[in-house]
Number of protein chains: 2
Amino acid sequence: MPETPTAFQRGHDHDRCVRHALSAAADHCREAGLRLTPLRRKVLQAVWRSHHPLGAYEICDALVAEGDQVLPPTVYRALDFLERNGLVHRIASLNAFIGCNQMGRHSNGRYLICSDCGSVAELPPDELLERFAFEAGAMAFEARSVRLEAVGRCAACAAGTTGP
Amino acid sequence: MPETPTAFQRGHDHDRCVRHALSAAADHCREAGLRLTPLRRKVLQAVWRSHHPLGAYEICDALVAEGDQVLPPTVYRALDFLERNGLVHRIASLNAFIGCNQMGRHSNGRYLICSDCGSVAELPPDELLERFAFEAGAMAFEARSVRLEAVGRCAACAAGTTGP
DNA sequence: AGAGAAAATGTTATATTGTTGCAATTCTTT
DNA sequence: AAAGAATTGCAACAATATAACATTTTCTCT
Ligand SMILES: [Zn+2]
Ligand SMILES: [Zn+2]
Ligand SMILES: [Zn+2]
Ligand SMILES: [Zn+2]
């Protein structure tokens, strides 16, 4: 069974992809006793709809464009909730957020960040990350999250099919 | 031969550690034909002296405290130079900079970030990172840098010998 | 040495990102 | 319904980073 890709990929039905993510998030929250309020849902939807990681102020703009009056603290609080509960990731080097496709295995992740077009692909965690957490433990470091970020050029940009 | 630790470690002669880093940086720049100007040297020294990753504005303050009048753009430009040339790393999740102890193998690295005390230890790159870069290449992603950031609790904090 | 080009730094203003604190509202529980 | 907890609205503000342009220093070539 193929992974749901986090980053936008050409030629797929992204509306369907977003709907799937939102319904999975709703399921996850119901099971975990979390409140996916309308605001949080809208923020999550804005993040998923985007083809790039979205900054907090871009999320503001997106919601305002839909007629909601939201200010930064509101968005940051919703993002806090979503990140704490593994529904989005913050890509620190971009000051931006991306939908998470690995709900429940939130703490570890691997990301391919294209410095040309800004797209980010999330790969599933693998045993290397877990092994690293174990090795860190041997050095008396208790790792809560292990994240690997590769910065470079994505296939589309290398092929010249995307503007910078 | 033991690695020079990036993060502060109890009970070592940190002045000596800083002097070593600065002289290694000077050597590196001389060999590479780079200009380690007085300003850049002072910024690098401020970063190395600190026991935590240092923010750009903290660096400003440190230099001002020594009698230099420096403003943010000046510091950011010096940091740009130092980072481009592998003398410091930016820890994106902390908006802060740390001296690099892996000059020349700058692009890949592994970091242990303590969320209690803010200390960061840099571990040397290993085959895990190279293997990941290779796998990314198989997916047509050209990785220029691969960095692993583990967030958790360091040994000192776990032992309760450090305040938060 | 001296002129011109390039690199580095100084300075002012501004842009971007993120937070604090408190009031108002909504949801949950008793 | 009443009390308490969680969420949201709102205004001001703090922290981080950059743009644009002037000035100085350094390098290069004659
Ligand atoms: Zn999609
Ligand atoms: Zn790209
Ligand atoms: Zn030291
Ligand atoms: Zn610590």
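We use all heavy atoms of the structure for the numbers below, so side chains are in, but hydrogens, waters and symmetry mates are not. This is a predicted model, so every value here is computed, not measured. Chain A is the first sequence line, chain B the second, and so forth, proteins listed ahead of strands; every chain is numbered from 1.
Nearest to the side-chain atoms of B/N95 among the listed nucleotides D/dT16, D/dT8, C/dT19 stands D/dT16. Checking C/dT17, D/dC10, D/dG9 against every side-chain atom of A/Y57, the shortest atom distance belongs to C/dT17. Comparing atom distances between the A/P73 side chain and each of D/dC10, D/dT16, D/dT18 picks out D/dC10 as nearest.
Note: CG (B/L79) to C1' (D/dT16) measures 12 Å, nearest angstrom. Distance CD (A/Q69) to P (C/dA24): 18 Å, rounded to an integer number of Å. Between A/R41 atom CZ and D/dT7 atom C1' the separation is 18 Å, expressed in whole Å. Protein atom CG of A/L36 is 14 Å distant from nucleotide atom P of C/dC27, rounded to whole Å. Between the C1' atom of C/dT16 and the OH atom of A/Y76 lies a distance of 9 Å, rounded to the nearest Å. D/dT28 atom C1' lies 13 Å from atom CZ of B/R35, rounded to whole Å. To the nearest angstrom, C1' of D/dT7 lies 11 Å from CZ of A/R84. A straight line from CG of B/L94 to P of C/dT17 spans 19 Å, rounded to a whole angstrom.
Between B/R84 and B/F81 there is a side-chain heavy-atom pair separated by less than 4.5 Å. B/H51 places none of its side-chain heavy atoms less than 4.5 Å from the side chain of B/S119.
Residue-level contact check: A/R77 touches the bases, meaning some heavy atom is under 4.0 Å from a base atom. Counting any heavy atom pair closer than 4.0 Å across all strands shown, B/T74 reaches a base atom. Across all strands shown, B/L71 has heavy atoms under 4.0 Å from base atoms, whether or not it also approaches the sugar-phosphate.
Side chain to side chain, A/R144 and B/S115 meet the donor-acceptor criterion of an N or O pair below 3.5 Å. With hydrogens and angles left out, the side-chain atoms of B/E83 and B/H89 include no donor and acceptor closer than 3.5 Å.
Between B/F81 and A/P72, the residue anchored closer to the 5' end of DNA chain C is B/F81, taking for each the nucleotide with the nearest heavy atom.
OP1 or OP2 of C/dA8 sits under 4.0 Å from a side-chain N or O of B/R40. At D/dT25, none of the side-chain N or O atoms of B/T37 fall inside 4.0 Å of OP1 or OP2 (strictly under the cut-off).
A/R110 is linked by a salt bridge (Lys or Arg N to Asp or Glu O under 4.0 Å) to A/D126, B/E135, counting only residues two or more places apart in sequence or in another chain.
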